[in-house]
Protein chains: 2
Amino acid sequence: MPLEIRPSQALRLWRQVHLDLVRDGQADLSARQTAILLTIYLELPPHTVRGLAQQLGVTKPVITRALDSMGKLGLVSRKRDDFDRRNVVIQRTVVGALAVEKLADLVTERARELGGT
Amino acid sequence: MPLEIRPSQALRLWRQVHLDLVRDGQADLSARQTAILLTIYLELPPHTVRGLAQQLGVTKPVITRALDSMGKLGLVSRKRDDFDRRNVVIQRTVVGALAVEKLADLVTERARELGGT
DNA sequence: CCCGATCGTTACGGGTCCGTATCATTATTG
DNA sequence: CAATAATGATACGGACCCGTAACGATCGGG
C-alpha cells in the first residue's frame with residue numbers, strides 16, 4: 001500500500017513542516033537527534049547506545065551526547081541493564097511520546113493541506 | 001486534492017528520510033537552513049534577508065549566517081539589488097537546485113516504500 | 001582468577017551556531 | 001542638504017556539537 005506523493009508535494013510538505021518547527025522554537029532537535037528520537041519510539045525495544053550508533057552510522061559519543069541533551073528535555077531516559085551491567089537501555093518517556101505524537105499530527109495536518117500541484 | 005497520510009505513516013516517513021540524510025552525511029543543513037533553502041527554491045522571488053527573517057520568525061543575523069554557510073556549499077548566492085542598493089537578492093544556483101531535487105526524490109521514494117500500517 | 005574484549009562515558013581541541021548589540025551603506029523625508 | 005529610517009553585515013560572549021582518543025566498569029574465556 002504505497003503512499004503516492006509527487007516530488008513537488010514532497011518539497012512543499014518538507015518546507016512547511018520545517019517552517020512550523022522553526023517558528024514554534026521546537027527546532028531544538030538536529031537531524032541526528034530527530035532520527036534517534038524516532039528510532040527509539042518507532043522501533044522495537046530494547047535500544048542501546050551501540051545499536052543506535054550502528055543504525056545511524058555514527059560513533060557512540062554522538063549517541064551519548066544526543067541522549068544527554070534529549071534527556072535534559074525529558075524526551076528519553078536511560079537505565080542500566082541489570083542482566084549485563086555494561087549496557088544502558090534507552091527508555092521512552094511521557095514527554096517524548098507526546099512530542100512524537102505532536103510531530104506526527106503536524107506532518108499529517110500539513111500533508112492534508114497540500115493542494116494539487 | 002489533499003494528501004492522505006496516517007500519523008504512523010508520517011512518523012515512519014519522517015524517520016526514514018532523516019536516517020537517510022544522517023547516513024549520507026548530507027545532514028549539514030539544520031532545520032532552519034532547510035526551511036530557508038526550500039523557501040528560496042519554492043517561493044516566488046525576489047528573496048531578501050529581511051523577508052526570509054520575517055517568514056521564519058527569526059532575526060536577521062540568523063539569515064545572514066545561514067546564507068554564509070549555504071553560500072560556501074554553493075547552494076545559494078547573493079547579489080546587491082541595483083534598484084535599492086541596501087537590499088540583497090538571494091539567488092538560486094545549479095548546485096542548490098540539484099540538492100533540492102535530490103531531497104524531493106528521497107522523500108518521494110521513501111513515501112512510496114511505506115507499508116500499510 | 002586474570003586478561004582481553006565490550007560497553008558507555010568522558011576529555012580535548014576545533015568548529016558552528018545562537019541572540020544581542022552595533023556598524024556601514026543606502027534611501028527617504030522634511 | 002541634513003536628519004532619520006531601513007537594510008544587511010559584523011563583533012562578541014556563550015552554548016552546543018563533532019571526531020578522535022582515551023577511560024572506568026563489566027563480562028567472559030582459558
**Q.** Exam field: side chain A:Arg92 to backbone A:Ala97, donor-acceptor pair closer than 3.5 Å
**A.** no
Q: Taking B:Arg80 for its side chain and B:Arg86 for its backbone only, find out whether a donor-acceptor pair lies under 3.5 Å.
A: yes
Return the value, rounded to whole Å, for the distance between atom [atom1] of [X] and atom [atom2] of [N].
X	N	atom1	atom2	value
B:Leu67	D:dT7	CG	P	16 Å
A:Asp68	C:dT9	CG	P	7 Å
A:Arg78	C:dG8	CZ	P	10 Å

Q) Would B:Asp68 and B:Arg78 pass as an ion pair if we require N to O under 4.0 Å? A)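 So B:Asp68 pairs with B:Arg78 through a salt bridge.
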Q: Give the C-alpha distance, both sets of side-chain angles, the deciding distance and a yes or no for side chain to side chain donor-acceptor pair (under 3.5 Å) between A:Arg15 and B:Thr39.
A: CA-CA 7 Å; A:Arg15 168 177 179 262; B:Thr39 297; 2.8 Å; yes
(Q) OP1 or OP2 of C:dG8 versus the side-chain N and O atoms of A:Thr64: is any pair under 4.0 Å? (A)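 For C:dG8, neither OP1 nor OP2 has a side-chain N or O of A:Thr64 closer than 4.0 Å.
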Q: Calculate, to the nearest 0.5 Å, the distance between atoms CD1 and CE belonging to B:Ile36 and B:Met70 respectively.
A: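 B:Ile36 CD1 to B:Met70 CE: 4.5 Å, rounded to 0.5 Å.
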(Q) To the closest 0.5 Å, what do you measure between CG (A:Leu114) and CD (A:Glu109)? (A) 10.5 Å
**Q.** Sequence-aligned protein contact record of nucleotides 14-27 of chain D, with B where the base is within under 4.0 Å of a protein heavy atom and S where only the sugar-phosphate is
**A.** ---SBBBB----BS
